[in-house]
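A, B, ... follow the sequence lines: proteins, then strands. Residue 1 opens every chain. Hydrogens, waters and symmetry mates are skipped; everything else that's a heavy atom, side chains included, is used.
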Amino acid sequence: MSGQATSHAWSSQQGAAALAAPSPAEKRRAFDWRILLGFLLPVAVALLWEAAVRFGLAQGRLVPPPSRIAATLWALAETGELWTHVGVTLWRIASGFVLGAAAGIVLGALSGASSTVRRLLDPTLQALRAIPSIAWVPLFILWLGIFEASKVALIAVGVFFPVYLGIAGAILSVDRKLVEVGHVFRLSRIQLARRILLPAVLPEAVIALRSGLGLGFMFVVAAEFMGASEGLGYLLVDGQQMGKPDQILAAIIAFALLGKIADSLLVGLTKPLVRWQDTVRERL
Amino acid sequence: MLQLEHLSKTYADGTRALSDINLSVREGEIVSLIGGSGCGKTTLLRLVAGLDQTSAGAIRLDGEALSGPHPSVGIVFQEPRLLPWLTVSQNIAFGLAHLSPAGRKSRVRHALEKIGLSEHAERWPRDLSGGQQQRVAIARAFVTNPKVLLLDEPFSALDAFTRASLHEHLLGLWEETRPTVVLVTHDVQEAVTLADRAVVMQPKPGRIFDELPLTLARPRDKTGLAFESSVRRVLTALDHSLNTPQQQPQRERDRQAAALWW
Ligand SMILES: Nc1ncnc2c1ncn2[C@@H]1O[C@H](COP(=O)(O)OP(=O)(O)OP(=O)(O)O)[C@@H](O)[C@H]1O
Ligand SMILES: [Mg+2]
């Protein structure tokens, strides 16, 4: 519209941006010491157990003290054995997650967007979902052999269902009022999907992917229990058969760390996409 | 000119929301629709905006029949309906995708200045007050330069002070391009402040009960006698619309109404 008005608005806009910028950024930089509160309980329990074993109150044979678990982890890391197992496990989760999540996103989007597809697909998928996924194991082994393919397939199945349900549900629950805004501005179907549906479902899609990833970690253990010679799951089985509780606990701790890191990575990567969300607080 | 001819709407469940509405609105005129709850005001706006299909009758804009959302028709809903993932300026630019980035930017900047929110351009909708959000929604509808702007109780959720200041913002935007405005409201003061004509509606089925011209000079002095008497006239019409037996034919009532008030 008029040129004069625009130059006016420009200066005040910049001034305001400078004023508004520091406060949220500052808040983010300040470290919240209360986070440390969460460490108090596990550290206290670990120290108590360590002391109990040191002072001979307990043997620590079946429940090894933290120092011995740390030593086991360290030894495994030094020989490089740990990294092989971690690498194999992560590779299985990653391939299963990518396959399962991709299928879940595509089918979830189709069944959320089209009621015909939903009527066609959803009953079958819901029926399949009712089957405990571990029940597929024998079939997958028969079909795909005992090596990687059957393991990846099991993980993919585990990842698929939460992603599929989350995406389809998110699309179905998009606010009709916002979709109408798209209609008013005469968006085509594709524009509507890109400019309104996609951003609207992103927060729930991230949550769906996170629960899919969590299940991926669960199913990799199941997969590695069914005969593996490598992987953190193998370390667990091996520790049980050889009577090495410290190795079992070391593998469990490795799982906990990996799971947390993978989840944080997913949250970190998707955070810029859902910055606008008006939630009480960042969900953990 | 916006013309509604024998417009009727019956919803799928059999509700007769509108029956035989005839209304023409001159170019640049501001018409306010007043009426009790459920008399079909929102339905009427949704039909004109092309968000619902008419059951019978036609809607014409400068002779062209409207069937579906039209680039020359903008609407502001009762709630702001801003897209929460877009900043204030991106929200205002939502309907300007066809323009060059520079053209978009200058229009948005101008609109922001008009509604007094230049310093909030890069904030998220969640960080704005209700009144500020509604201003952004109005700017989003105005920047596309519609010929017809439909407003569905856009200020009803706001307090009297905010409402009065938004009336000024609205008139300020209207002055620039003088679109035809259809404003739904529950508030008689608001109708008399803004409109050139008040259309009083009646429910079950929704129809027009009476039309009152509001020929006060602008800007309007809300403390003046003329303003007071206009408000009283509209209030009386509204009262009658609620009390008149509904079986009475509309023409007859119109004649009675005319006899009573002029
Ligand atoms: N989608 C729908 N399906 C069926 N009936 C509807 C629908 N929308 C509205 N109605 C009915 O149509 C009538 C008119 O509704 P409308 O929303 O247009 O009223 P209104 O004048 O805007 O009321 P208010 O002032 O309370 O907003 C009401 O009786 C309502 O119950
Ligand atoms: Mg309404």
Legend entry - A:Leu232: which of A:Leu258, A:Val220, A:Val88, A:Val221 passes side chain to side chain contact (heavy atoms under 4.5 Å, CB included): A:Leu258
Inset, instruction - For a side chain to side chain donor-acceptor pair (under 3.5 Å) with B:Lys147, tell me which candidate from B:Asp62, B:Thr177, B:Thr180 qualifies. - result: B:Asp62
Using non-hydrogen atoms only, which part of [X] is less than 4.5 Å away from chain A: side chain, backbone, both, or neither?
{"X": "B:Leu117", "answer": "neither"}
{"X": "B:Trp85", "answer": "both"}
{"X": "B:Phe94", "answer": "both"}
{"X": "B:Thr144", "answer": "side chain"}
{"X": "B:Pro71", "answer": "both"}

Inset, instruction - Consider only side-chain N and O atoms of B:Thr42 and B:Asp152, and report whether a donor and an acceptor are under 3.5 Å apart. - result: yes
Inset, instruction - State whether a side-chain donor-acceptor pair under 3.5 Å links B:Thr15 with B:Asp13. - result: yes
Legend entry - Selection from B:Gly74, B:Pro125, B:Gly95 maximising heavy-atom pairs under 4.5 Å formed with chain A: B:Gly95
Legend entry - Student check: side-chain heavy atoms of A:Glu180 and B:Arg81 closer than 4.5 Å: yes
Legend entry - Between CG on residue A:Leu192 and CZ on residue A:Phe185, distance to nearest 0.5 Å: 13.0 Å
Legend entry - Residue among A:Ile196, A:Leu202, A:Leu273 with most heavy-atom pairs under 4.5 Å to chain B: A:Ile196
